[in-house]
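One structure is given here, and the rest of the page talks about it.
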Amino acid sequence: MSDARPFSHIAFCGTVTDCLPDAGFRALARQLSAAAQAGPSPSLVVALASELLGRDRLRLPNWVDTDTRYLVVLDVPEQAVLRLASMLRLHKPDQRLQVCRDPSVVKRLVIALKRPAPWEGILDAYVLKDSLVVVLGDMSVWKFPVGRLPKVRRFEPAVVSRFEIDSSGSYLHWPDPDVHMGPSQMLQAVDPMHLADVGIRRYEMENVSQALLDMRHDRQLKQTEIPGLSERHVRRLEREEIRLTVEAASKFARAFGLTLSGFLDELSERITIGNRDSARAGPA
């Protein structure tokens, strides 16, 4: 899961920014709208349903295309959702359109997009049968089987849906049993690779690069002897030019004769020892 800016363009259309609590948040929304970037990322439109469907329909930005995502505050009857998909010409509305009754979703979106990793913010959540569906700050939609979520899986069915979304979108809170759960906890429960990604990203790039170099040298392997990774890729990792990913870590692990878990344990141990030695040495 990438920490990069998830959208090339963002537009808060019409009066949707009135959903924001104060002028400070509205200024942040303007900054996000102005910070366009080139690249393959999809774009995002945020709007009120009534202004998309009304007689004087909003004029959408000229960069809207077949990959544009829509976050719509639903201030009209639910039946109008079908009209939204048709009016916006969405061939796959389940992948591109998210609607929410709670206008605070706009505030949660702004906060998520200002985070270093937007996916760490929660925009919306609801229970569908035996799953908890969560929309994250990068507009990705995750379906978490309740039976695989620690703590939540022991709740009675009636309790599962009685949660609140933190005002900043940092976590879901079940008040009655007083349980909090954030995106990272939920992802770790259903996606083992995410746990590895969290472990890698918590370290500084410099420390990871040095540990990788030491681990390879200790095994007397050349940069060309990491199957699946080019010599240039290995060199860039060891020179702090690019970050280690879970995919690359898996290839190092195989080359070192370790499981991914074993590789991450050794990486963590080497970084910890390196930091401890640096602290003892003090300033140069």
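- At a threshold of 4.5 Å between side-chain heavy atoms, the hydrophobic network of Ile, Leu, Val, Met, Phe, Trp and Tyr places Val106 and Leu53 in two separate groups.
- When all heavy atoms are compared, the tightest approach of Pro6 to Pro118 is CD-CG, 3.7 Å.
- A side-chain donor from one of Ser43 and Thr68 sits under 3.5 Å from a side-chain acceptor of the other.
- Atoms NZ and CZ, on Lys114 and Phe25 in that order, are 11.0 Å from each other to the nearest 0.5 Å.
- The existence of a salt bridge linking Asp130 and Arg153 is excluded, since no basic side-chain nitrogen approaches an acidic carboxylate oxygen closer than 4.0 Å.
- A donor-acceptor contact shorter than 3.5 Å links the side chain of Thr272 to the backbone of Ser268.
- Neither Leu97 nor Tyr126 shares a network with the other; the hydrophobic side chains, linked directly or stepwise wherever heavy atoms of I, L, V, M, F, W or Y lie under 4.5 Å apart, form separate groups for each.
- To the nearest 0.5 Å, atom CZ of residue Arg55 and atom OG of residue Ser50 are 14.0 Å apart.
- Using modelled atom types, one side-chain atom of Arg162 and one backbone atom of Ala158 make a donor-acceptor pair closer than 3.5 Å.
- Looking at every heavy atom in both residues, Ala211 comes nearest to Ile271 through CB-CG1, 4.0 Å.
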From CA spacing to verdict: side-chain contact (heavy atoms from CB on, under 4.5 Å), His9, Leu44: CA-CA 6 Å; His9 296 78; Leu44 174 65; over 6 Å; no

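- A continuous path of hydrophobic side-chain contacts links Leu74 to Val45 [ILVMFWY only; heavy atoms under 4.5 Å].
- For the atom pair CD of Gln210 and CZ of Arg239, the computed distance is 13.5 Å after rounding to the nearest 0.5 Å.
- Here the side chain of Ser209 pairs a donor or acceptor atom with the backbone of Leu237 at under 3.5 angstrom.
- Rounded to the nearest 0.5 angstrom, Thr66 OG1 and Arg89 CZ are separated by 12.5 Å.
- The main-chain N or O of Cys100 is never found under 3.5 Å from a side-chain atom of Asp124 such that the two would form a donor-acceptor pair.
- A side-chain N or O of His173 and one of Asp178 form a donor-acceptor pair less than 3.5 Å apart.
- Ring geometry for Phe256 against Phe263 counts as tilted: the plane angle lies between 30° and 60°, on a 0 to 90° scale.
- Proximity of Trp142 to Leu132: side-chain heavy atoms (C-beta onward) are nowhere separated by under 4.5 Å.
- Contact check for Asp265 versus Ser261: side-chain heavy atoms found under the 4.5 Å cut-off.
- Interatomic distance, Glu51 CD to Leu58 CG, rounded to the nearest 0.5 Å: 5.0 Å.
- Between the CZ atom in Arg235 and the CG atom in Leu213 there is a gap of 13.0 Å [rounded to 0.5 Å].
- Two residues are said to be in side-chain contact when any heavy atoms from C-beta on lie closer than 4.5 Å; Phe252 and Met215 fail this criterion.
- Side-chain polar atoms of Ser170 and Ser168 form a donor-acceptor pair below 3.5 angstrom.
- Transitive grouping of hydrophobic side chains (ILVMFWY, heavy atoms separated by less than 4.5 Å) brings Leu32 and Leu20 into a common cluster.
- In the model, Ser184 has no side-chain atom that pairs as donor or acceptor with a side-chain atom of Glu120 under 3.5 Å.
- Under the 4.5 Å side-chain heavy-atom criterion for Ile, Leu, Val, Met, Phe, Trp and Tyr, Leu88 and Val135 are members of distinct hydrophobic clusters.
- Nearest heavy-atom pair, Ala253 versus Thr259, reported as atom, atom and distance to 0.1 Å: CB-O, 3.8 Å.
- Two residues are said to be in side-chain contact when any heavy atoms from C-beta on lie closer than 4.5 Å; Arg148 and Pro145 meet this criterion.
- At least one side-chain heavy atom of Val46 sits less than 4.5 Å from a side-chain heavy atom of Leu109.
- Just one residue in the list Ile122, Ile165, Leu113 forms a side-chain contact (heavy atoms from CB on, under 4.5 Å) with Arg108, and that residue is Ile165.
- With hydrogens and angles disregarded, no donor-acceptor distance shorter than 3.5 Å links the side chain of Asp214 to the backbone of His217.
- Residues Gln98 and Leu123 are not in side-chain contact: their nearest non-hydrogen atoms beyond the backbone lie 4.5 Å or more apart.
- At least one donor-acceptor pair closer than 3.5 Å links the side chain of Gln185 to the backbone N or O of Gly182.
- Atom CG of Asp56 has 12 or fewer neighbouring heavy atoms from other residues, nucleotides or ligands inside a 6.0 Å radius.
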Apply the test side-chain contact (heavy atoms from CB on, under 4.5 Å) to residues Phe144 and Met186: give CA-CA distance (whole Å), side-chain angles for both, the deciding distance (0.1 Å), then the verdict. CA-CA 7 Å; Phe144 302 106; Met186 290 183 272; 3.8 Å; yes

Please lay out, stage by stage, how Arg270 and Asp218 fare under the test salt bridge (charged side-chain N to carboxylate O under 4.0 Å, His left out). CA-CA 12 Å; Arg270 286 177 179 266; Asp218 286 354; 2.6 Å; yes

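- Annotation: side chain of Leu52 is in contact with side chain of Met87 (closest heavy-atom distance under 4.5 Å).
- The residues Arg101 and Glu78 are annotated as salt-bridged, a charged nitrogen and a carboxylate oxygen being separated by less than 4.0 angstrom.
- Side-chain atoms of Gln223 and Glu238 include a donor-acceptor pair closer than 3.5 Å.
- Side-chain N or O atoms of Thr224 include none that pairs as donor or acceptor with a backbone N or O of Glu231 at under 3.5 Å.
- Closest approach of Ser8 to Ser41, counting heavy atoms only: OG-O, 3.1 Å.
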List the steps and the verdict of side-chain contact (heavy atoms from CB on, under 4.5 Å) for Phe163 and Val179. CA-CA 9 Å; Phe163 60 80; Val179 167; over 6 Å; no

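- Val127 has its side chain out of reach of Ser131: every pair of non-hydrogen atoms, C-beta onward, lies at least 4.5 Å apart.
- The main-chain N or O of Val160 is found under 3.5 Å from a side-chain atom of Trp174 such that the two form a donor-acceptor pair.
- Phe155 and Pro177 get closest at one heavy-atom pair: CZ-CG, 3.5 Å.
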As a quick check of understanding, evaluate side-chain contact (heavy atoms from CB on, under 4.5 Å) for Val246 and Leu260, giving each step before the final call. CA-CA 9 Å; Val246 175; Leu260 178 58; 4.2 Å; yes

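- Of the possible donor and acceptor atoms, none in the side chain of Thr15 sits under 3.5 Å from a partner among the backbone N and O of Asp18.
- Contact between Cys19 and Leu48 at its shortest, heavy atoms only, is SG-CD2, 4.1 Å.
- At distances below 3.5 Å, not a single donor-acceptor pair connects side-chain atoms of Ser104 with backbone N or O atoms of Lys107.
- Other residues, nucleotides and ligands contribute only 12 or fewer heavy atoms inside 6.0 Å of the CD atom of Glu206.
- The pair Glu225-Arg219 fails the salt-bridge criterion, with no side-chain N (NZ, NE, NH1 or NH2) lying under 4.0 Å from an Asp/Glu carboxylate O.
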